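Keep in mind that what you see is a predicted model, and the values were worked out from it rather than measured. Every chain is numbered from 1 and lettered A, B, ... according to where its sequence line falls, protein lines coming before strand lines.
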Amino acid sequence: MTATAVVRLDDVTKTYQLGDESFNALNAVSLAIAPGAFVAIMGPSGSGKSTLANIIGGLDRPTRGNVVVDGENLAKMNDAALSRFRNEKIGFVFQAFNLKGDSTALENVMLPLVFARIRPAERKARAAECLERVGLSERQSRLPNQLSGGERQRVAIARALANDPAMIIADEPTGNLDSARGDEIVEVLEALNEEGVTVMVITHDQRVGNHAHQIIEVRDGTLHRMRKR
Amino acid sequence: MMRFRDYVALAFRSLRRSRLRSGLTISALLVGATGVTIMLTFVTSVKNAVVSQFVQTGQVRQIVVAENPNLSYDPSGFVGGGPGPGPGGGSAPASKMTPALEAEIAAIPHVSAVSAMFSNNGPGAGIEYISLGTKRLQAQFSAYQPNGAIEPPLVAGRDLGSSDTSDVILVSQDYADALGFKNAYTSLVGQTLELHTRSGYTGVGATLPQVLPPQNPQCGPNQRGPVDCGPTGSLPAIVLHARVVGVVSKEFRGQTTFIPLSWMVGISDAAQPKSVQYAQQSNFGRGQCGPGQPCQPGRSCTPNQPCRQPNQPASQCQPGPQCGQQGPGTVTGGWTRDSTDKFITDGGGFQSMIVDADNIANVAPIASSIDHLGVNAATGLAALAEQKNKANALGAVLGALGLIALGIAALGVTNTMVMSVLERTREIGVMRALGARRSTIRRLFTFEAAALGFFGGLFGVIIGYVFVLVAKPIIGRAVKSGKLTGLNFSVPIWLIVLVIAGTTAIGFVSGLLPARRAAKLDPVEALRYE
C-alpha cells in the first residue's frame with residue numbers, strides 16, 4: 001500500500017514559532033493514503049488537522065520530514081512548483097465556499113483552468129462538465145449569491161474537480177451548512193469517491209466521518225488513532 | 001502562468017466590483033491628466049504657432065541686415081580738420097547700406113536673394129497724400145525689390161512680383177482699415193489709389209536745367225522749403241495712380257504702403273513736367289541779382305526787384321552783386337535725375353536688407369560673412385530658439401503642476417490597491433490554493449493598478465479634449481486680437497498617447513508595492529483571514 005500511496009508522509013514535523021515559544025503543530029507524523037480512498041481527518045480544534053491538510057495540499061511546508069503526493073516530493077519544491085502542484089494535483093474545498101462573488105458558477109469553476117493556461121473553449125467545456133458532475137448544470141450562469149449554501153459548496157467541489165486532481169481536500173465542507181445540506185455535500189463527495197477520486201475531509205462532524213473509509217484522528221500534533229470503517 | 005486576456009478579465013472584474021473606489025481613484029488621475037492635457041495643448045499650440053509664423057514668413061531662412069549702431073568719433077568727418085573753433089560741419093558717416101553693399105551680399109555663396117527695404121515718408125518721395133474717393137491719408141512708403149526675398153504675409157490679393165515696376169501698391173492693414181475696408185480687404189484689391197504730389201514738385205533727386213536760376217536753399221531740395229521759389233513753385237500738383245494688388249498683414253509692418261523700389265526711385269518721373277513756364281525770375285538768394293546790374297546801396301536794382309541780401313534793409317545793400325531779371329519764358333525738357341544708387345545713398349541708405357539663404361543650414365555662415373562687411377546681420381534662428389525656449393519653460397512649469405496632481409493621484413492609486421489587497425486577502429488565498437503563483441497575484445494587482453491609470457488618462461484626455469473644443473473659439477477670439485494669429489489650439493495625437501501612457505505607467509508603478517504585498521501573503525494565513 002505504501003508503494004502505491006497517493007499521499008505519503010514520513011516523519012513530518014511542523015513547528016510554529018510564537019514569540020519565544022515554539023510549538024509543534026505536527027510532531028513526527030507518518031501517514032499513507034491509498035489512491036481512491038475516502039479519508040476523514042478528525043480531531044479537536046488546534047489539534048493540527050488543518051496543518052496536516054495544508055501540508056498535504058502543498059499550501060504549507062513541513063519543518064522537517066518528507067511529503068510525497070502523487071509521486072512529487074513537496075518538501076523540495078519552490079513556490080512556483082508548489083503552485084503548479086496545487087493547480088494540477090489538488091482540489092480544495094473550503095468551509096466558507098470561497099467562491100468569487102463577481103463570477104458566475106461556471107466562471108468560478110473555470111478559475112483553476114485559467115491558472116493552468118487552458119484555452120477558453122476547453123475551459124468552458126470542462127467546467128460545464130464538472131458542474132454536471134455535481135448536479136448543477138442548470139445553475140452555471142448564476143452568481144454565488146443567487147445560489148443556496150449547498151449549491152455554492154457544490155460549485156466549490158466542481159471547481160476542485162476542474163483540473164482532474166489527484167485528490168480533493170475538503171476543510172470542514174459541511175461546517176457552514178445545515179445537516180440536510182451537509183448530507184447532500186457528503187453524498188456528492190462520496191459519489192465522486194466512487195468514481196475514483198481520492199477524497200480527504202477534515203471535519204468535526206462525526207456523521208461525515210461515518211462515510212469515510214478511513215478516519216485519522218489528530219490530537220496534539222500526533223496521529224492518535226487510525227481506524228477503518 | 002495566465003494568459004494576458006485572463007489578466008484583463010480578472011482585473012476588470014475586480015475593478016467593477018468596487019466601482020465607487022475605482023471610480024474615485026480614476027477621478028483623481030483624471031484631474032491630473034485633464035490638467036496636463038489642457039496645459040500641454042496650450043503650450044504646444046503656442047509653440048507651434050510661433051514656429052509656423054517663423055516658417056510661414058520664411059523668417060528662419062532670412063537674415064536681416066541693418067546698419068551697425070555707431071557712436072564712435074570719426075575725425076575724418078570734419079571738413080576743415082585741425083583744432084580751434086570754426087565751422088566744423090562734422091557730417092554723419094555715410095550709410096553703409098548702399099546698393100554696392102547689396103551687390104556684395106548677393107555675391108556671397110548660398111544667398112538665393114537679397115531685397116533691400118527703403119522707407120520714405122510721403123514728402124520725401126514727393127507725395128503729399130494718398131487718396132481714394134474722398135478719403136485722404138498721409139503717404140508712407142516702403143519700397144523693395146520684389147525678387148522673392150521679401151514676402152510680406154498677405155490678408156488679401158497678391159505680393160508684388162518681379163514684373164511689377166511701377167503703378168502698383170501694397171497697403172498695410174492699417175491703411176486698408178483707414179480707407180474703410182476693414183475686414184473687406186479683398187474688395188480693396190484692384191482699386192486704384194491716387195498719389196498726390198506737392199505742387200512745384202520736380203521729382204526725387206532731380207536737377208533743374210542750368211538755364212534756370214540756381215535754387216534757393218531755403219526752398220530746400222525739390223522745392224520743399226518754406227519759401228515759394230521761383231518758376232517751379234508754380235508747377236501744378238500731379239496725381240499718380242497706383243493699383244492696389246494686395247493687403248499686407250499688420251504682423252509684418254503697419255502704417256505703410258509698399259511699392260517696387262524701381263518706382264520709388266523713379267516716382268518723380270511722371271511728376272516731371274515736360275516744360276516749365278515761368279513769368280519772371282526772382283532774385284533768389286545770397287544777394288546775387290541777375291546779370292549785368294550793379295547793386296547800389298540804398299537803391300533798388302530795378303523798379304520791381306530790390307537788390308539786397310535776404311532779410312537785409314535796402315540801406316545795407318552792398319555794391320557788387322549784380323541784379324538782374326529773367327523771363328518770362330519756358331524751359332522745355334532737359335530734366336536729369338540722379339542714379340538709383342545716388343538716390344538711395346543720399347536718402348540715408350537702405351533701412352534694411354533681407355537676405356534669403358538657400359538653406360537653413362547656411363543661414364549662420366552667411367550672417368557671419370555679412371558681419372565681416374561691416375554691417376549687422378540678424379537671423380531669426382536665435383529669436384526662434386528663444387521663443388521655443390520660452391514656450392518650453394512655460395510648458396515645464398505647467399507640466400510640473402500637472403505632474404504634482406498626478407503624483408497625488410498616484411498615492412491614491414497605491415492607497416486604493418493597498419485597501420484592495422486587504423479586502424481581498426482571502427480571495428488571494430483562494431487563488432493561491434487554486435494554483436496561482438506569487439507572480440500571478442503580483443501581476444494581477446499591478447495590472448489592476450495600471451488599468452486604473454489607463455482609464456484615468458483616457459477619461460482625462462477625453463475631458464481635456466472636450467474642454468479644448470469648447471475653449472477653442474474663446475481662446476481663438478482672445479488670440480486674434482493679440483499677435484499669435486496662427487494659433488491652432490488643438491490636442492495633438494502625441495499628447496493623447498503620452499498622457500494615457502503616462503498615467504498607465506503611474507498606475508503601474510503605484511501598484512507595485514501593494515501587488516508585492518499581495519504576492520507575499522502566505523496562502524494559509526490568507527485563507528484564514530476574516
Under 4.5 Å to a heavy atom of chain A? For B/Arg432 that would be both

Rounded to the nearest 0.5 Å, the NZ atom of A/Lys100 sits from the CG atom of B/Leu10 at a distance of 5.5 Å

If one checks every heavy atom of B/Arg424 against chain A at 4.5 Å, the contacting part turns out to be neither

Item checked: Other residues, nucleotides, ligands: >12 heavy atoms within 6.0 Å of B/Tyr465 OH -> no

Turns out that what part of A/Ile118 lies under 4.5 Å from chain B's heavy atoms comes down to backbone

Checking heavy-atom separations under 4.5 Å from chain B, one finds in residues 83-98 of chain A A/Ser83, A/Arg86, A/Asn87, A/Phe92, A/Phe94, A/Ala96, A/Asn98

**Prompt:** Taking everything shown except A/Gln146 itself, do over 12 heavy atoms lie less than 6.0 Å from its CD?
**Reply:** yes

Given A/Leu82, A/Leu111, A/Asp102, the one with more heavy-atom pairs under 4.5 angstrom with chain B than any other is A/Asp102

For residues 163-175 of chain A, the salt bridge (Lys or Arg N to Asp or Glu O under 4.0 Å) pairs (sequence neighbours left out) are none

More than 12 heavy atoms from other groups under 6.0 Å of CD on A/Glu21: no

Cut-off 4.5 Å, heavy atoms of chain B, and the answer for A/Pro120 is side chain

Applying a strict 4.5 Å limit to non-hydrogen atoms, the region of A/Arg159 in contact with chain B is side chain

Expected contact set for residues 389-399 of chain B against chain A at heavy-atom separation under 4.5 Å reads none

_Using the rule given for salt bridge (charged side-chain N to carboxylate O under 4.0 Å, His left out), can you reason through A/Asp79 versus B/Lys520, listing the C-alpha separation, both sets of side-chain angles and the distance that settles it, and then say yes or no?_
CA-CA 11 Å; A/Asp79 177 74; B/Lys520 277 170 74 177; over 6 Å; no

Closest heavy-atom pair, A/Phe115 versus B/Leu434, reported as atoms and distance to 0.1 Å, is CD1-O, 3.8 Å

- Task: Flag yes if more than 12 heavy atoms outside A/Asn27 fall under 6.0 Å of its CG atom; otherwise flag no.
- Result: yes

Among residues 47-68 of chain A, residues within the sub-4.5 Å heavy-atom range of chain B, in order of number, are A/Asn54, A/Leu59, A/Asp60

Under 4.5 Å to a heavy atom of chain A? For B/Arg438 that would be both

Interface check, chain A: of B/Arg17, B/Arg13, B/Arg5, most non-hydrogen pairs under 4.5 Å belong to B/Arg13

